[in-house]
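Everything below concerns the one structure shown next.
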Amino acid sequence: MKNHAYRLFGKSESLLLTSMLFAIILCVNAQQPPPISSNNNSDTQIIELRQADLLFKRKDSEAQILKDHVVLYHQGATMECDSAYWFEKENIFEAFSNVRMNQGDTVFAYGDYLHYDGNLQLAKLRYNVRLEDKRATLFTDSLDYDRMLNLGYYFDGGLLVDEENELTSFWGQYDTEMKVALFSDSVKLVNENFTLYSDTLRYSTETNVADILGPSTIVSDSGYIYSTRGWYNTATDDAQLLDRSQVFSDDGSKVLIGDTIFYNRGTGIAQVYGQLFLQDTLHNVILRGDYGYYDEKIEYALATDSAYAIDYSQKDSLFLHGDTLKMITDSIGRQIFAYPNVRFYRVDLQGICDTMHYVSADSILYLKKDPVIWNEDNQLMGDAIDVYLNDSTIEKAVVKNYAFAIQKRPVENQFNQLKGKNLTAHFVNGEIRHVLVEGSAESLYYLLEKDSTVIGLNRTESPYLSMDLFDEKLEKLKLWPSTKAQTVPLSQLKPDDETLKGFVWIDYLRPINKYDIFRRNERNASEMIVPPRRFARDDILLE
């Protein structure tokens with residue numbers, strides 16, 4: 001054939017043909033698929049044996065047996081043990097006794113047994129397991145550690161310990177890179193100052209912040225907290241509590257609830273945003289509003305934005321609204337301050353004013369700046385009014401510096417009226433029974449026969465006046481030391497004769513029920529109380 005080829009093409013032509021055939025073979029080989037590797041992950045590295053005092057293999061096993069001072073290495077992790085089964089082909093080994101695994105100088109794991117899969121970089125440690133980093137130590141009997149995700153998780157109970165806290169749960173995981181642990185099922189966080197019980201909790205060993213992800217209770221000497229969502233800084237005691245969380249005092253007599261509560265357990269100070277609810281069952285009072293501030297150590301509370309208080313310490317509850325409410329509680333009782341635009345309702349008493357101060361120990365309402373109160377068909381106005389309450393009803397009202405009392409009669413447009421510098425009204429079973437006016441007393445009263453027939457309208461003027469009433473009828477009238485009186489028959493009455501100067505009947509401003517305390521009505525300037533100068537004291541006018 002060789003001679004034949006030379007004869008057909010010659011020597012130079014034969015060399016050219018050979019080169020062409022070789023090039024064709026190379027192109028064909030380049031188009032063939034690469035050989036199949038036994039390892040699907042091209043990045044996977046083989047486990048290396050670094051040390052072992054004894055190595056042997058049994059005929060009936062694929063494992064190489066390593067004994068004494070065994071050291072294996074895989075992708076940045078060194079694993080040591082007393083003995084091991086090394087499945088080199090599968091890239092797996094099992095380690096026994098005094099197992100130690102360290103990943104650089106950041107993560108260390110210890111246990112009695114280790115199953116390590118080099119393909120998945122998954123370490124399964126069992127019995128007396130301890131996982132450590134610079135922030136925390138995790139103790140458990142069963143731990144799986146995923147080196148690719150830097151995530152260790154246990155499923156049969158575990159304990160995480162750092163400088164601040166000890167956390168236990170049935171299931172948990174710890175991210176050694178992010179320094180964040182997640183706990184579930186029977187979670188318990190123990191701090192030297194409190195204990196937190198939870199259904200689900202996330203905890204950062206860097207910030208010492210616990211994220212509340214399920215129903216949780218925090219118990220301490222100062223009280224306890226219930227929340228289903230929020231966070232708690234275990235180092236600073238700062239907390240953000242969401243979803244109507246509840247903060248209880250140590251004796252359980254006080255509870256604070258809100259949509260969002262910023263609370264510090266150490267200082268006892270809380271700020272509430274959205275639907276504040278503060279209840280004191282010891283003193284029978286509730287404070288509500290859309291924003292609140294509470295200092296539990298001095299028992300000081302403030303509420304604004306649709307704020308109102310409910311005092312249910314007596315037979316009839318007092319419902320009180322003001323743009324701002326402040327409440328101070330001590331061993332004697334509590335004080336409530338309300339301002340401005342105050343409105344309040346009780347079954348036997350209703351009122352409005354600009355500023356109010358309530359003292360529960362004495363059951364007294366102090367009303368200032370255009371106060372008006374109503375009781376049944378009676379209206380009292382003045383520069384300042386003090387209302388004395390008892391368990392069943394109003395007991396006494398003292399109107400200071402300028403007083404105007406009006407009683408609406410069953411007949412339309414007929415009003416009994418009293419006016420003077422100071423007025424004291426005494427009540428019995430919710431009805432006015434005795435009235436005393438001191439200083440520049442004026443009265444306008446309809447005189448009645450026994451059958452309630454009106455005789456006429458009686459007008460009096462005197463320095464002092466007292467009257468006794470029963471069933472809204474005048475029983476006794478006393479005027480002293482000097483008197484000016486006149487009775488005008490109904491037929492002779494003129495429109496100007498039927499009212500005293502300064503008369504205003506503003507029943508339309510009266511709260512009609514406990515929900516009506518939020519109604520806003522502007523009073524006309526002519527309806528404001530302006531004390532005459534002869535009654536005024538400079539210190540009152542300057543208030």
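Note: hydrogens, waters and symmetry copies are ignored here, and every other heavy atom, side chains too, is used.
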So which heavy atom on [X] is nearest to which on [Y], and how close?
X	Y	answer
Ile261	Ser245	CD1-O, 3.6 Å
Leu302	Leu276	O-CD2, 4.3 Å
Leu380	Ile385	O-CD1, 3.7 Å
Asp516	Pro511	OD2-CA, 3.2 Å
Leu509	Arg343	O-NH1, 2.8 Å
Ala309	Leu325	N-CD1, 3.5 Å

Looking only at side chains, do [X] and [Y] share a donor and an acceptor under 3.5 Å apart?
X	Y	value
Arg510	Gln379	no
Tyr145	Gln173	no
Gln45	Asn91	no
Tyr203	Asn208	yes
Gln335	Tyr358	no
Asn264	Asp237	no
Ser97	Asp82	yes
Gln350	Trp374	no

[atom1] of [X] to [atom2] of [Y]: how many Å apart, nearest 0.5 Å?
X	Y	atom1	atom2	value
Asn375	Glu431	CG	CD	8.5 Å
Leu196	Leu167	CG	CG	8.5 Å
Gln64	Glu88	CD	CD	5.0 Å
Thr234	Leu189	OG1	CG	6.5 Å
Thr176	Gln103	OG1	CD	6.5 Å
Thr217	Lys188	OG1	NZ	13.0 Å

Would you indicate whether the side-chain heavy atoms of [Y] and [X] approach each other to under 4.5 Å?
X	Y	answer
Ile352	Leu367	no
Asn193	Ser220	no
Asp280	Thr329	yes
Thr195	Ile218	no
Val107	Leu131	yes
Val342	Ile517	no
Asp354	Pro340	yes
Leu389	Ile364	no

Show the numbers, then the answer: is there a side-chain contact (heavy atoms from CB on, under 4.5 Å) between Leu241 and Thr260?
CA-CA 6 Å; Leu241 309 170; Thr260 300; over 6 Å; no
Backbone N or O of [Y] within a donor-acceptor pair of the [X] side chain at under 3.5 Å?
X	Y	value
Ser360	Ser363	no
Asn233	Ala235	yes
His321	Ala307	yes
Thr355	Tyr339	no
Asn341	Asp323	no
Ser227	Ser216	no

Charged tip of Lys396 within 45° of Tyr388 ring normal and under 6.0 Å
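Judged by the rule, Lys396 and Tyr388 form a cation-pi pair.
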Pick from Phe96, Tyr113, Phe93: which one makes a ring pair (Phe, Tyr, Trp, His ring centres under 6.0 Å) with Tyr85?
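With Tyr85 as partner, ring pair (Phe, Tyr, Trp, His ring centres under 6.0 Å) holds for just one option, Phe96.
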Are [X] and [Y] ion-paired here, with the side-chain N under 4.0 Å from a carboxylate O?
X	Y	answer
Asp386	Lys400	yes
Arg50	Glu48	yes
Arg126	Asp144	yes
Lys315	Asp348	no
Asp133	Arg135	no

Sorted by first residue and then second, give each ring-ring contact (aromatic ring centres under 6.0 Å, His included) pair with at least one member in [range]; sequence neighbours left out.
range	answer
residues 215-236	Phe194-Tyr232, Tyr224-Phe248
residues 53-77	His74-Tyr116
residues 147-181	none
residues 291-320	Tyr273-Tyr291, Tyr308-Phe518

Count the heavy atoms belonging to other residues, nucleotides or ligands that lie under 6.0 Å from [atom1] of [X], then report whether that count exceeds 12.
X	atom1	result
Asp221	CG	no
Lys179	NZ	yes
Ile298	CD1	yes

Glu164 vs Asn191, side-chain contact (heavy atoms from CB on, under 4.5 Å): CA-CA, chis, key distance, verdict:
CA-CA 6 Å; Glu164 292 288 336; Asn191 182 280; 4.0 Å; yes
Does the pair Leu138 and Arg130 meet the rule for a side-chain contact (heavy atoms from CB on, under 4.5 Å), with working shown?
CA-CA 6 Å; Leu138 174 63; Arg130 190 168 82 253; over 6 Å; no
Going by ring-ring contact (aromatic ring centres under 6.0 Å, His included), name the residues that satisfy it together with Phe139, two or more places apart in sequence or in a different chain.
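Checked Phe139 against ring-ring contact (aromatic ring centres under 6.0 Å, His included); zero matches.
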Could you list the residues that satisfy salt bridge (charged side-chain N to carboxylate O under 4.0 Å, His left out) with Asp162, not counting sequence neighbours?
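By the salt bridge (charged side-chain N to carboxylate O under 4.0 Å, His left out) rule, Asp162 matches no residue at all.
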What do the steps show when you test Tyr263 against Val272 for side-chain contact (heavy atoms from CB on, under 4.5 Å), and what is the final call?
CA-CA 9 Å; Tyr263 174 67; Val272 181; over 6 Å; no
